[in-house]
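No hydrogens, no waters, no symmetry mates; every other heavy atom, side chains included, goes into these values.
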Amino acid sequence: MAAGGNRAGDLDRGDLLRPGTIAMTLEESSASAGPVGTTPGPALRPGPLVSGVLCALLAACTVGPDYREPPPVHTGTGWSLPVVAERGSEDYAYWWTTLGDPMLDRLVEAALAENLDLYQAAARIDEARALRDRIAGGLAPAVDVGGSVNRRRQSADGSLPVASIPGMDAIQTIHDVGFDAAWELDLFGGKRRALQGANARLHEAGIEAEGVRMRIVAEVARTWFTAVGAGHEMRMSQAAVEAQRHSLGLLELRHAAGVASLADVDAAQSTLATAEASLPGIRARERAALLALSVLLGEPPERGLLLLEEAAAGLPPLAEIPVGERADLLRRRPDVLAAERRLAASTTDIGVATAELFPKLSIGVGGGFQALDADGLFDSGSARYGILPLISWRMFDGGRVRAEIRAREAAQWRAALAYEQAVLAALGDAETAMAEYRAGLIALQRHQAALEASQRSHDHAARRHAMGTIALVELLTAQRQLQEAKAAVTRAHTAAAVQLVALYKALGGGWQAA
């Protein structure tokens with residue numbers, strides 16, 4: 001696949017779920033926080049020794065709840081309908097290749113290479129990866145390097161009496177080169193929690209991209225089968241119209257000879273007009289499917305009309321398929337896995353918000369060289385440096401941080417409920433798709449039985465008409481019923497093929513869950 005593959009493969013699921021080194025529960029962190037607020041407290045400047053002790057004691061502390069995989073959702077004892085005994089999961093990743101349609105294989109391959117929805121999904125992965133990298137960059141110090149040459153004139157009448165200081169020129173050129181570094185230590189794990197959340201969201205973007213891939217495959221197959229079925233029905237209807245037009249001509253000749261009645265001619269004309277009236281609708285369905293198929297392939301809609309001849313292919317043979325166990329379904333459904341990743345991300349957000357209750361330690365380091373003469377800029381006497389540890393702590397903020405924590409807790413609870421809902425919805429989709437496909441197979445069998453009976457009735461009518469025991473109108477009636485039975489079989493076969501696609505999609509077919 002060119003655009004929509006799992007671009008989040010560099011993420012390790014174990015790393016995403018691994019708890020922090022030392023974690024505090026929300027209750028513990030809140031109880032030990034003391035007063036909180038938005039206004040920074042007075043800046044304290046402890047010595048390097050104190051800062052080192054603080055770093056050693058607090059560097060491993062990570063506030064907020066650690067993520068654990070959600071408990072299993074009760075999925076019942078099994079499928080409500082009898083299923084094929086085999087597991088059958090080995091064919092789910094590339095299920096369309098089992099249908100024996102080379103044209104469908106080529107269309108799916110083209111769609112996976114050029115579909116614009118897949119390119120957008122890949123862009124969302126790149127965006128999530130960039131956001132993750134930005135958060136990861138916040139864990140490292142920020143270093144700025146610069147240099148300047150400042151030409152200035154001191155005021156002779158200012159606070160510094162330049163004119164009265166021997167050797168002091170009023171006009172000076174100051175050469176300066178150096179660096180400044182700033183680092184906010186992640187004492188309580190707020191940044192680490194943010195990175196965990198970004199990793200979870202990146203993983204979610206990769207899973208959702210696979211979900212898009214799965215939907216594209218299913219939509220290509222559904223649209224293709226719709227076009228094939230409409231094309232097959234169109235050809236049968238056109239053949240029926242030609243046969244009815246020929247029969248009408250014979251009736252008109254017999255009527256002119258006084259053998260057939262005018263009522264028979266009128267009935268034949270009515271039958272022909274009805275058959276002709278159905279042709280535009282069938283052709284419109286075929287064209288609409290081909291136009292939609294072209295868009296799925298990332299091409300202008302009219303390109304799909306070039307597939308009119310290819311649509312002469314037959315519909316695939318249909319039978320019951322193995323559906324596996326319910327637990328297998330949940331491991332294959334991208335919407336369920338993405339909901340679990342959203343739950344993981346929302347859990348880390350609690351830790352990010354909780355870290356705002358605690359002090360922040362920043363360390364600023366600067367150094368370089370400054371001189372009035374460029375030739376002596378890098379002499380030892382021109383060196384400058386400074387170290388500035390800074391501790392700040394919110395003393396009062398009107399309860400906004402604690403309100404944010406409660407909001408993140410509510411969001412986590414909502415994500416947990418959404419995960420459970422996704423599991424139940426996946427099971428409901430699968431059950432519905434299984435029932436509809438089974439009903440489609442039964443309907444197809446009944447229509448095939450009706451077609452066989454209509455064929456026998458037509459054969460009897462043809463023999464009786466040849467013997468002169470029935471009129472031509474009765475034979476035409478049998479022909480119309482036969483054509484209607486053939487069209488009904490085609491429509492039922494198309495509907496069942498589309499339902500098969502829906503079943504594979506509901507079962508999570510179309511991608512390889514890693």
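Taken to the nearest 0.5 Å, the CG atom of N199 stands 10.5 Å off from the CZ atom of R129. The distance from atom CD of E356 to atom CD of E404, rounded to the nearest 0.5 Å, is 9.0 Å. Atom CG of residue L296 and atom CG of residue L291 lie 11.5 Å apart, to the nearest 0.5 angstrom. Atom-to-atom distance recorded for L185:CG and I363:CD1 is 5.0 Å, nearest 0.5 angstrom.
With sequence neighbours excluded, no residue forms a side chain to side chain donor-acceptor pair (under 3.5 Å) with Q120. Legend: residues meeting side chain to side chain donor-acceptor pair (under 3.5 Å) with T173, ordered by chain and number and at least two apart, are R151.
Of the possible polar contacts, none joining the K505 side chain to the R215 backbone as a donor-acceptor pair under 3.5 Å is found.
Judged as a salt bridge (charged side-chain N to carboxylate O under 4.0 Å, His left out), the pairs with a partner in residues 410-430 (not counting sequence neighbours) are, in order, R333-D429.
For the pair L187/K360, no side-chain contact is recorded, criterion being any heavy-atom separation below 4.5 Å from C-beta on. No side-chain heavy atom of Y437 sits less than 4.5 Å from a side-chain heavy atom of V323. Using a 4.5 Å heavy-atom threshold, the side chains of L388 and V365 count as separate. Side-chain contact check for L337 versus R331: every heavy-atom pair is 4.5 Å or farther apart. Under the 4.5 Å side-chain criterion, counting only non-hydrogen atoms from C-beta, S346 is not in contact with W413. Residues V145 and D180 fail the side-chain proximity criterion, which asks for heavy atoms closer than 4.5 Å.
Atom CZ of R134 has 12 or fewer neighbouring heavy atoms from other residues, nucleotides or ligands inside a 6.0 Å radius. Counted within 6.0 Å of CD on E302, heavy atoms from surrounding residues, nucleotides or ligands total more than 12; the atom is thus considered enclosed. Atom CZ of R285 sits in a crowded spot, with more than 12 heavy atoms from other residues, nucleotides or ligands closer than 6.0 Å. Within a 6.0 Å sphere centred on CH2 of W183, heavy atoms belonging to other residues, nucleotides or ligands number 12 at most.
In this structure, a donor-acceptor pair under 3.5 Å is present between the side chains of D101 and W224. A donor and an acceptor atom, one from each side chain of R192 and T62, are located under 3.5 Å apart. A donor-acceptor pair shorter than 3.5 Å can be found between the side chains of Q412 and T347. Side chains of E340 and Y67: a donor-acceptor N/O pair is present below 3.5 angstrom, by distance only.
Residues A422 and V336 come closest through the heavy atom pair O-CG2, 3.7 Å.
Under the salt bridge (charged side-chain N to carboxylate O under 4.0 Å, His left out) rule, D349 has a single partner from R193, R201, R342, which is R201.
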